[in-house]
Structures are given as structure tokens and as C-alpha cells.
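Below: the structure, in C-alpha cells.
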Amino acid sequence: MRQFNVLGLPVHIQDSYSAWLAQRLQNKQGAHVVTLNAEMTMQARQNFDLASVVKQADLVVPDGSGIVLYLRSQGEDINRCPGIELAEQIVAIAAEKRWSIYLLGGAPNVVDTVVDSWRQKWATITIAGMHHGYFDADLEQQICEQLQTLQPDLLLVGLGVPRQELWIQKYRHLCPNSVWIGVGGSFDIWSGKKTRAPKWFANNNLEWLYRLYQEPWRWRRMLSLPHFVWCVTKESLLQKAQK
Ligand code: UDP
């Protein structure tokens with residue numbers, strides 16, 4: 001596994017992330033997977049707890065095109081690994097191997113819809129449990145007790161960034177041999193509540209534009225994208241000047 005640095009955060013490059021994760025699952029080694037994009041990188045510059053979690057994660061995949069374009073500008077020949085696609089691949093492998101899965105996050109009923117559609121798609125899928133992502137302290141306690149009892153092999157946590165990363169860090173010890181992945185808004189896509197950008201947008205690094213069209217209230221968060229470009233350009237110029 002090769003490791004690169006984007007504004008102080010690690011990014012891991014693998015030939016096959018899903019094969020690496022399947023191996024971890026098989027060996028019951030456990031892992032925390034972070035899917036890094038420009039927005040999260042900029043958040044981590046202000047939120048030191050988030051930065052610390054990303055630095056400690058076992059696998060940080062280049063989810064966003066901003067990360068990939070920056071690493072390519074540094075001469076690295078790498079491709080994107082969208083977190084939602086990686087999660088789908090690992091769910092397919094888990095279904096075949098009968099590894100158990102727990103889904104946490106999304107609005108009430110969203111994960112139920114996801115589980116229904118997965119059960120239709122994969123007859124052998126093993127769902128250990130599920131819970132929506134809007135819980136108070138009492139419900140959270142119940143979820144933690146459930147996780148400790150169930151010990152699912154794979155945990156998909158979709159509570160949004162940075163909450164899901166901090167949540168995984170806080171509770172990972174409950175299931176130390178499980179693979180935990182922060183999946184952001186993937187449950188909304190898998191349930192059909194939202195749609196992914198058409199291929200054209202992704203191929204032209206414009207997925208953010210489609211997201212803005214679908215969720216216009218995100219405009220303030222998206223200001224972090226030009227800020228990311230500014231920061232990586234500044235860093236590249238500094239590195240060149242030092243050579
Ligand atoms: N969410 C949740 N609990 C919360 C806040 C958010 O389960 O308290 C879910 C929300 O329903 C959505 C996901 O977290 O499914 C956040 O999606 P978003 O696309 O904003 O993810 P991000 O860009 O933060 O990865």
C-alpha cells in the first residue's frame with residue numbers, strides 16, 4: 001500500500017481496495033475506512049479531532065476528484081475510488097461470503113428501504129441489524145449495546161461528515177474486529193431518495209455541481225472547494241520554491 005499526503009492528511013493507494021478489505025474481513029482484523037474528499041480535507045484543517053481520526057484510519061481512499069487532481073499534479077498516476085462504489089463492492093462480497101452487515105444512519109425508513117432492496121438483490125445477504133441516524137443519548141446507548149452483542153463483520157455508518165468519523169472513533173472498541181466505513185449520504189442514494197450525478201459530471205470532475213443542483217443549501221459548505229484549490233496550489237508553489 002502506497003501512502004501520499006494531501007494537506008497533512010494521508011491518502012492510501014491500492015490496486016484493489018475491495019480485495020484489501022475482504023482480506024481484513026476474512027482475517028477478522030478490523031479496520032476504519034475514511035473516504036476523503038476536498039470538503040473533508042478542509043474541514044479537518046479547522047477540526048483537529050477529525051484530522052486526528054483521519055490520520056489514524058487504517059485506510060483512507062481518494063474519494064473526491066479534487067484529491068485525485070492534486071495528486072496527479074504531483075506526478076502520481078492514481079484514480080478515484082468513490083466511497084459509495086467501494087461500499088457496494090464490499091457489500092456484494094459480504095453477501096456472497098455471508099458476512100454480517102449493520103447499517104447505521106439516514107432518516108427513519110431509509111435504511112429499511114436499503115435493506116429490502118439488498119435482500120432482493122442478494123439472497124444470501126446477512127443483515128445483523130440497522131438503525132436510523134437520528135437518535136438521542138438513550139437510543140445511542142441501545143445501539144451500542146446492540147453492536148456489542150451482534151459483533152457484525154461490516155458496519156456502514158452514514159451520519160455525515162465529521163459526525164460519522166468521530167462516532168466510529170468513539171465506538172470502534174465495541175466491535176474491534178469489524179470493518180467500519182463512513183458512508184456519508186450513500187443510504188439516501190441506495191434507497192432511491194437521491195440520485196448520483198450522471199457519469200458525464202463525474203468524468204468531467206463536476207460531481208459537486210450536480211450535488212449543488214440537488215442540494216442547493218450546501219452552497220456554503222461548497223465554498224471549501226475553491227479554498228482547497230487555493231491551499232494545494234500554495235503548497236505546491238512552496239514545495240517547488242524549496243527545491
Ligand atoms: N444524518 C444522520 N443523522 C444526523 C445527520 C445526518 O443520519 O444526525 C444522515 C443524513 O440523513 C444523510 C447523511 O447523514 O443520509 C449525510 O449525508 P451527506 O450527503 O450530507 O453526507 P456528507 O456529505 O456529510 O458525507
Side-chain angles (χ1 to χ4, degrees), residues 6 9 11 32-47 49-51 53-54 57 59-67 80-88 91 101-118 129-144 146-147 155-171 180-197 201-202 205-225 227-228:
V6 178
L9 298 181
V11 176
H32 177 189
V33 182
V34 168
T35 65
L36 190 70
N37 60 20
E39 225 177 291
M40 199 197 288
T41 308
M42 296 319 291
Q43 277 195 48
R45 280 169 88 82
Q46 319 258 327
N47 182 336
D49 289 337
L50 175 62
V53 177
V54 177
L59 183 66
V60 182
V61 305
D63 169 277
S65 44
I67 303 287
R80 268 187 80 195
C81 170
I84 188 166
E85 290 175 20
L86 177 61
E88 274 164 23
V91 167
I101 307 171
Y102 191 100
L103 298 82
L104 175 67
N109 299 325
V110 167
V111 275
D112 307 65
T113 311
V114 175
V115 166
D116 286 347
S117 76
W118 283 357
M130 67 193 114
H131 203 286
H132 63 74
Y134 294 81
F135 42 79
D136 57 14
D138 287 344
L139 264 180
E140 184 167 19
Q141 178 67 25
Q142 285 178 30
I143 294 168
C144 291
Q146 228 185 13
L147 293 181
L155 280 118
L156 304 176
V157 182
L159 301 173
V161 177
R163 191 169 167 218
Q164 63 195 21
E165 281 69 32
L166 301 175
W167 206 88
I168 293 174
Q169 166 92 341
K170 186 170 176 192
Y171 292 116
W180 299 67
I181 311 182
V183 295
S186 300
F187 294 136
D188 296 331
I189 308 255
W190 290 323
S191 70
K193 194 176 157 201
K194 287 189 185 147
T195 49
R196 272 191 89 188
F201 285 84
N205 304 312
L206 289 172
E207 240 169 353
W208 61 271
L209 186 62
Y210 185 81
R211 196 134 198 219
L212 192 59
Y213 156 74
Q214 216 172 34
E215 301 163 80
W217 60 89
R218 290 179 78 95
W219 70 271
R220 201 184 285 277
R221 269 181 74 172
M222 284 196 171
L223 290 179
S224 63
L225 301 180
H227 193 196
F228 173 81

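Computed over heavy atoms, backbone and side chain alike; hydrogens, waters and symmetry mates excluded. As the structure lists them, so they are numbered: ligands from 1, and atoms in each ligand from 1.
- Close approach of ligand 1 to Ala107 (heavy-atom distance below 4.0 Å) involves ligand atoms 11 (O).
- Residues Leu104 and Trp180 form no side-chain contact, since every pair of their non-hydrogen atoms from C-beta on lies 4.5 Å or further apart.
- Scanning the protein heavy atoms around atom 21 (O) of ligand 1, the nearest turns out to be Gly185 N, 3.4 Å.
- Within ligand 1, counting atoms from 1 as listed, the ones closer than 4.0 Å to a heavy atom of Gly105 are 7 (O).
- Between Tyr134 and Leu139 there is no side-chain heavy-atom pair separated by less than 4.5 Å.
- For atom 7 (O) of ligand 1, the nearest non-hydrogen atom from the set Gly160, Gly106, Gly184, Pro108 belongs to Gly106.
- When the heavy-atom distances from atom 19 (O) of ligand 1 to Glu215, His131, Gln43, Arg211 are ranked, the shortest goes to Arg211.
- Among all non-hydrogen protein atoms, the one lying nearest atom 3 (N) of ligand 1 is Gly133 O, 2.7 Å.
- Numbered from 1 in the order shown, with element, the atoms of ligand 1 that lie under 4.0 Å from a heavy atom of Arg163 read 3 (N), 4 (C), 8 (O).
- If you look at Leu159 next to ligand 1, the close heavy atoms, those under 4.0 Å, come from the backbone and the side chain alike.
- Nearest approach of Thr35 to Gly182, heavy atoms of both residues: OG1-O, 3.9 Å.
- Trp208 CH2: 12 or fewer foreign heavy atoms inside a 6.0 Å radius.
- Under 4.0 angstrom from ligand 1, the non-hydrogen atoms of Arg218 all belong to its side chain.
- Judged by the shortest distance from any of its heavy atoms, Phe187 lies outside the 4.0 Å radius around the atoms of ligand 1.
- What you find for Val34 and Met40 is that their closest heavy atoms are CG1-SD, 3.8 Å.
- Contacts with ligand 1 closer than 4.0 Å are made by no heavy atom of His132, backbone or side chain.
- Under 4.0 Å from ligand 1, not a single heavy atom of Lys193 appears.
- Of all atoms in ligand 1, numbered sequentially from 1 with element shown, those under 4.0 Å from a heavy atom of Asp188 are 12 (C), 15 (O).
- Judged by distance alone, the side chains of Thr195 and Gln214 do bring a donor and an acceptor atom under 3.5 Å apart.
- Among all non-hydrogen protein atoms, the one lying nearest atom 11 (O) of ligand 1 is Tyr134 OH, 3.1 Å.
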Phe187 vs Leu103, side chain to side chain contact (heavy atoms under 4.5 Å, CB included): CA-CA, chis, key distance, verdict: CA-CA 9 Å; Phe187 294 136; Leu103 298 82; 3.6 Å; yes

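- Across every non-hydrogen atom of Val157 and Gln164, the tightest pair is O-OE1, 3.2 Å.
- The side-chain heavy atoms of Arg45 and His227, taken from C-beta on, include no pair separated by under 4.5 Å.
- Within ligand 1, counting atoms from 1 as listed, the ones closer than 4.0 Å to a heavy atom of Val161 are 22 (P), 24 (O), 25 (O).
- Ranking protein heavy atoms by distance to atom 9 (C) of ligand 1, first place goes to Gly158 O, 3.4 Å.
- Residue contacts with ligand 1 include Arg221, since one of its heavy atoms falls under 4.0 Å from the ligand.
- Across Cys144 and Trp167, no two heavy atoms sit closer than the pair SG-CZ2, 4.4 Å.
- In this structure, Ala44 and Leu9 approach most closely via the heavy-atom pair CB-CD1, 3.9 Å.
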